[in-house]
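What follows is a set of notes on a single structure, which appears directly below.
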Amino acid sequence: MASFSLHGIPVSRGIAIGRAHLLKAAAREVKHYLVPEEKVEAEVRRLSDAIAAVNAELQAVRNDLPPDAPSELAAFIDVHALILADPIIVELPLKIIRSRHYNAEWALLTQIDELSAQFDEIEDAYLRERKNDIRQVGERVLKVLTGSAGSLPVSSDPDNVAPQMIIIAHDISPADMLQFRERTFVGFVTDLGGQNSHTAIVARSLDIPAAVGMGNASALIAEDDWVIIDGDAGIVIVDPAPVVLEQYRELQAKLLRERKKLGKLKKTPAITRDGTAIHLLANIELPEDCAGALELGAVGVGLFRSEFLFMGRTGQGAKLPSEEEQFESYRKAVVAMKGRPVTIRTLDVGADKPLDKEEETALNPALGLRAIRYCLSEPQMFLTQLRAILRASAYGPIKLLIPMLAHAFEIDQTLALIGQAKQQLRDAKKKFDADIPVGAMIEIPAAALTLPLFIKRLDFLSIGTNDLIQYTLAIDRVDHEVAHLYNPLHPAVLQLLAMTISAGAKADIPVAVCGEIAGDTKLTRLLLGMGLREFSMHPAQLLAVKQEILNSDVATLEPAVRRILKAYEPVAIADGVERLKLL
Ligand code: PEP
Ligand code: MG
């Protein structure tokens, strides 16, 4: 067969080379038939039993999590268990069997399809991807019903001569990923999924090369095909020519050598050649991520995306996490960081009101009532979160980070609410850090263009380049149709970045970058040359960025970056950035 390549979304870095193993989706093989009246109750039992079996299976996986399993896994498995406890999933299909006499598989699929269609209407990418969690749970039940459970090959070659295996699937659940860990499994490719899908997040924390959102890879790739995953580019090469295979093997070996070397940098302070100290911080989603961040040498948490505590609760009977529950999570994080600062970002949810599914969906959710706008419109909910964060600040250094601010009055209202939360705690005689620093995410161009408003009112800034790029270039960051326009090196983006960093330096307030570019080693020198001294990123990137820092000389980078900032032509900018490597 001729070689071909597929392009998807890079979600986890590195190169994987192996033979394809296809994971068949049970949903695609389901039989549809009508059950005679006298067999309906038996069919209902068949489905209930399968659901109970999957429940038991999930509990078993949950209880047997190895100590080194990524922290997200337990939470994701819990989400699946919750889905499986939801009457929409467990009871409605039983009703369908009784009313329409569908066989169990068909009834289940009908309900899942119905739910999926509802999820497709949701504009918020994070929530839309939760549809996949429901599908994955459905898949597990279907596999039990069709007897195709455990479709993974059972043994790896004892002499280790068998080629390593790359999983190709329509979709993979986080719980399935855990099973893969124990086998010869070096990468995965899925048709579905995006940057925010749970599976992508788990892949990143497992550090396994992966590409998702590949469209119909599982239909195009055959069992045993040779496959290369270029996880940095999101490219999958199928049946590569020998010369290509050889090139990638060399690249892979080089990456492995580099990674080994990087491991030695964990305790090395991040100081440039000319003696400038740089703060390397971690972006985390859950308090359990702190241990890994510390292990990799993070000097603090630069972004705790608190919305993960609020997610997975939508659906019927959805509840917000209570003050107590939130407090416990924040406290856990700050205690785990052992005196290093933890920057907690207040709730950043989308415009589709995920906390109340009944409300209308906004037409342009990225421009809608999201993040701080949403919080200011729900002051009681916001106050609950602020109290929880403030209370945790009695246990270690916490900074409060507010997303999506653009207007002076939003800052003022936020500060007033923080003041109110403090007063409530004083009245309740609860301890907190009265001087907790409050900072703004700079992620709307309007904010970057009016920095004096922010600097006057706040203690620090953190540039959210993921959104800053989205809003500057007017491209939806989750729409793959415009993904090619997403460019951190667009001169407009560079200007806003440079302005923010230098305004912070002039006013002597700390400025961090916590968007994805902070972890991109190709941009480390550019950011250093702009004057950035705080980088916050996924912990897996920390050491590679540190290495760039150790090899950089700020004094030489600065004039070179000033020249780049004067350029407008893309070629000149790209060329300038490339040359920074030589300095
Ligand atoms: C950003 O926008 O760059 C950011 C860090 O926040 P998020 O990706 O969570 O929107
Ligand atoms: Mg953002």
Side-chain angles (χ1 to χ4, degrees), residues 9-11 72 123-129 194-198 200-201 204 280-286 289 293 298 300-311 342-352 354 364-375 385 399-406 410 439-448 454 460-479 483 486-490 493-494 496-497 500-501 511-520 523 527 532 534-541 545:
I9 301 165
V11 291
E72 292 97 337
E123 298 277 352
D124 181 88
Y126 182 90
L127 286 173
R128 203 167 50 233
E129 281 175 7
Q195 200 71 39
N196 294 328
S197 64
H198 277 160
I201 295 169
R204 273 199 291 276
L280 292 183
L281 305 150
N283 289 358
I284 64 165
E285 273 100 35
L286 293 166
D289 298 336
V301 169
L303 175 66
F304 179 168
R305 289 182 159 102
S306 68
E307 53 275 12
F308 276 72
L309 303 172
F310 290 70
M311 299 294 182
V342 175
T343 312
I344 302 178
R345 179 175 69 185
T346 54
L347 185 63
D348 184 358
V349 283
D352 51 321
N364 273 313
L367 306 181
L369 194 68
R370 61 171 285 206
I372 191 60
R373 303 169 180 184
Y374 182 76
C375 289
Q385 180 174 39
K399 295 165 143 192
L400 253 173
L401 180 59
I402 315 295
M404 294 278 300
L405 287 166
E410 287 172 332
M441 298 274 296
I442 300 297
E443 47 188 352
I444 300 182
F454 291 75
F460 68 97
L461 305 176
S462 187
I463 312 176
T465 46
N466 305 340
D467 278 314
L468 186 62
I469 297 169
Q470 150 165 279
Y471 295 126
T472 306
L473 303 181
I475 39 147
D476 188 339
R477 68 191 250 197
V478 297
D479 182 349
Y486 196 85
N487 180 14
L489 292 182
H490 189 291
V493 174
L494 297 183
L496 294 174
L497 266 169
T500 310
I501 294 168
V511 177
V513 168
C514 63
E516 289 297 298
I517 69 164
D520 183 344
L523 302 176
L527 293 170
L532 188 71
E534 288 190 23
F535 294 64
S536 192
M537 67 201 78
H538 199 278
Q541 262 91 266
V545 171

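Just follow the structure's listing: the first ligand is 1, and inside any ligand the first atom is 1.
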(message) Out of all atoms in ligand 1, which are within 4.0 Å of some heavy atom of Glu443? Include the element for each.
(response) 1 (C), 2 (O)
(request) Indicate yes or no for a side-chain donor-acceptor contact from Arg373 to the backbone of Gly368 under 3.5 Å, with no hydrogens or angles considered. (result) yes
(message) Could you tell me, atom by atom, which parts of ligand 1 come under 4.0 Å of a heavy atom of Cys514?
(response) 5 (C)
(message) So, applying side-chain contact (heavy atoms from CB on, under 4.5 Å) with Phe304, which one of Leu286, Asp289, Leu401, Ile284 is it?
(response) Ile284
(message) For Ala366, is there any backbone N or O sitting under 3.5 Å from a side-chain donor or acceptor partner on Asn364?
(response) no
(request) May I ask you to check if ligand 1 and Asp467 share an N or O to N or O distance below 3.5 Å? (result) yes
(request) Just jot down the ligand 1 atoms closer than 4.0 angstrom to any heavy atom of Gly515, in number order. (result) 3 (O), 5 (C)
(message) Taking 4.0 Å as the limit for heavy-atom contacts, which would you say applies to Glu516 with ligand 1: side chain only, backbone only, both, or neither?
(response) neither
(request) With the Mg ion (ligand 2) as the reference point, give the N/O/S atom of Asp467 that is nearest. (result) OD2
(request) Keeping the roles fixed (side chain from Asp348, backbone from Glu307), state whether a donor-acceptor pair exists under 3.5 Å. (result) no
(request) Could you find the nearest protein heavy atom to atom 8 (O) of ligand 1 and give me its residue, atom name and distance? (result) Arg477 NH2, 2.7 Å
(request) With heavy atoms only and a cut-off of under 4.0 Å, state how Leu303 meets ligand 1: side chain, backbone, both or neither. (result) side chain
(request) Say whether, by atom type as modelled, one donor and one acceptor occur between the side chain of Thr343 and the main chain of Val301 under 3.5 angstrom. (result) yes
(message) Whether the side chain of Gln385 engages the backbone of Leu347 through a donor-acceptor N/O pair (distance < 3.5 Å, no angle test) should be reported.
(response) yes
(request) Let me know which of Ile469, Leu473, Thr472 forms a side-chain contact (heavy atoms from CB on, under 4.5 Å) with His490. (result) Leu473
(message) Nearest N/O/S atom of Glu443 with respect to the Mg ion (ligand 2), by atom name, please.
(response) OE1
(message) So is Arg345 touching ligand 1 or not, going by heavy atoms under 4.0 Å?
(response) yes
(message) Give me the residue, atom name and distance of the protein heavy atom closest to atom 3 (O) of ligand 1.
(response) Asn466 N, 2.7 Å
(request) Could you confirm whether Asp348 has any N/O/S atom lying under 2.8 Å from the Mg ion (ligand 2)? (result) no
(message) Strictly distance-based, threshold 3.5 Å: is any side-chain N or O of Tyr486 a donor or acceptor partner for the main-chain N or O of Asn466?
(response) yes
(request) Run the numbers for me: atoms of ligand 1, each under 4.0 Å from some heavy atom of Met441, listed by number. (result) 4 (C), 5 (C), 6 (O)
(request) May I ask you to list the atoms of ligand 1 that are less than 4.0 angstrom from any heavy atom of Gly464? (result) 1 (C), 2 (O), 3 (O)
(request) Look only at the side chain of Asp467 and the backbone of Met404, and say whether a donor-acceptor pair between them is shorter than 3.5 Å. (result) no
